[in-house]
Amino acid sequence: MKNVIYLFGPTVMIFIGLSYLESIPMTFLLFYCWLFFIPLITYIKHSSIKEAFVRSIKNGMAVKPLLVGVISGVICLLSIYTSVALVQGHLFDMNRLSKLLIQWGFSGTKVWLFILVLSFINPILEELYWREFMYKRYFDRLGVTKSVILTSFFYALYHMLVLIPLFDMPFSIIATIPIFFAGLLWGYFRVRLSSIIAPIISHTLADIGIIFVYLHYLM
C-alpha cells in the first residue's frame, strides 16, 4: 500500500497545486517537498539503501555515464526545441499558454527563480525519485523491465495532468507519449550504467530545452 501511495503522490501534489490552488509556486512547494522528503526519510531509516545510492553516484563519475548523459541530453534538447518550432501556431495557441501561465503565477521576476528550479533542481529530484528510489522499491517484486515501465508511466502521468490545461485535446495526450519514452530511456541508462548520473544530466538538458522554448516563444 505504501508503494502505491508513493506512485500516486507526485501526481496528487500536482493536481492540488494546479487544479485546486491554481498556483505554480504552491505546486512547486508541494511537489518538490514530496520528491525530496519521502526518499530522504526512507534513506535515513535504512542505511543499506543509502549505501546503494552512494554507489550509484560514484559509478556515475566514470567517463561513460557522463558522455551518455551529455549526448542523449543534447539530442533531447534539440528535439524538443525543433518539434515546438515546427508545430507552434498549428497545434496550440502561444497567447493562450502565456495567459494561463500568468494566471498560475508563472510571471514577473520570480520567473527566473522558477527557471532555475526547473533547469537544475527538478531533474535531480525527479530522477532520484523515479529512477533511484521508486525503481528500487519495485525491482525485487517486478524485475528490471516492469519496474522501468511502471516508474516511467507514473512519471509521465503527472506531466499529462500539466499538459491537459495547457494544450487542446488530443495534443495534450500525444505530447505525453515522448515523456513516457524519455522515462524509459533514463530508466535504461540507470540500469545499464548502474548509475543515476547519466539520467540526471540527460534530463537536465531536456528541461533546458523546454526553458529555451519558453524564453523564445512565451516570454
Return the minimal non-hydrogen interatomic distance between [X] and [Y], and the atom names on each side.
X	Y	value
R137	T42	NH1-CG2, 3.8 Å
S147	T151	O-OG1, 2.8 Å
W104	P25	O-CD, 3.6 Å
S119	I211	OG-CG1, 3.5 Å
L193	A198	CD1-CB, 3.7 Å
V70	I201	N-CG2, 3.6 Å

CA sep, side-chain torsions, deciding dist, call: I210, L77, side-chain contact (heavy atoms from CB on, under 4.5 Å): CA-CA 8 Å; I210 296 172; L77 187 158; over 6 Å; no
Please tell me if the side chains of [X] and [Y] come closer than 4.5 Å, counting only heavy atoms from C-beta onward.
X	Y	result
V111	Y214	yes
L29	C33	yes
D207	L118	no
Y135	V191	yes
Q103	E22	yes
V12	I5	no
P39	L35	no
H203	N122	yes

Could R131 and Y188 be counted as a cation-pi pair, given that NZ or CZ must be under 6.0 Å from the ring centre and within 45° of the axis? no
Which of parallel (below 30°), tilted (30 to 60°) and perpendicular (above 60°) describes F8 and F154? perpendicular
In one Ile/Leu/Val/Met/Phe/Trp/Tyr side-chain cluster, 4.5 Å: [X], [Y]:
X	Y	result
F114	L116	no
V74	L215	yes
L100	I164	yes
I197	I75	no
I71	I80	no

Test F36 against Y129 for ring pair (Phe, Tyr, Trp, His ring centres under 6.0 Å), laying out the working first. CA-CA 8 Å; F36 179 76; Y129 189 86; over 10 Å; no
Assess the residue pair I14 and W34 against the criterion (side-chain contact (heavy atoms from CB on, under 4.5 Å)); give the C-alpha distance rounded to whole Å, side-chain angles, the decisive distance to 0.1 Å, and a yes or no. CA-CA 10 Å; I14 294 288; W34 182 279; over 6 Å; no
Check against ring pair (Phe, Tyr, Trp, His ring centres under 6.0 Å), Y155 and H159: CA-CA 7 Å; Y155 165 71; H159 286 83; 4.6 Å; yes
Using 0.5 Å steps for rounding, measure from the [atom1] atom of [X] to the [atom2] atom of [Y].
X	Y	atom1	atom2	answer
L185	S72	CG	OG	6.0 Å
F180	T176	CZ	OG1	11.5 Å
M26	L21	CE	CG	5.5 Å
F28	L113	CZ	CG	8.5 Å
I200	L66	CD1	CG	11.0 Å
F31	I16	CZ	CD1	13.0 Å

Polar contact flag, side-chain donor to acceptor under 3.5 angstrom, Y158-E126: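 Yes, E126 and Y158 have a side-chain donor paired with an acceptor closer than 3.5 Å.
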Can you find a side-chain donor-acceptor pair between S202 and W186 that sits under 3.5 Å? yes
Please report the C-alpha distance between K136 and R190 in whole Å, then the side-chain angles of each, then the deciding distance to 0.1 Å, and finally whether the side-chain contact (heavy atoms from CB on, under 4.5 Å) criterion is met. CA-CA 11 Å; K136 286 183 176 178; R190 167 64 185 85; 3.2 Å; yes
Residue K110 excluded, over 12 heavy atoms near NZ under 6.0 Å: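 Atom NZ in K110 is packed in, count exceeds 12.
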Would you say CZ of F15 has more than 12 non-hydrogen atoms from neighbouring residues, nucleotides or ligands within 6.0 angstrom? no
Checking side-chain contact (heavy atoms from CB on, under 4.5 Å) for the pair I173/L163: CA distance, chi angles, key distance, verdict? CA-CA 8 Å; I173 305 297; L163 292 172; over 6 Å; no
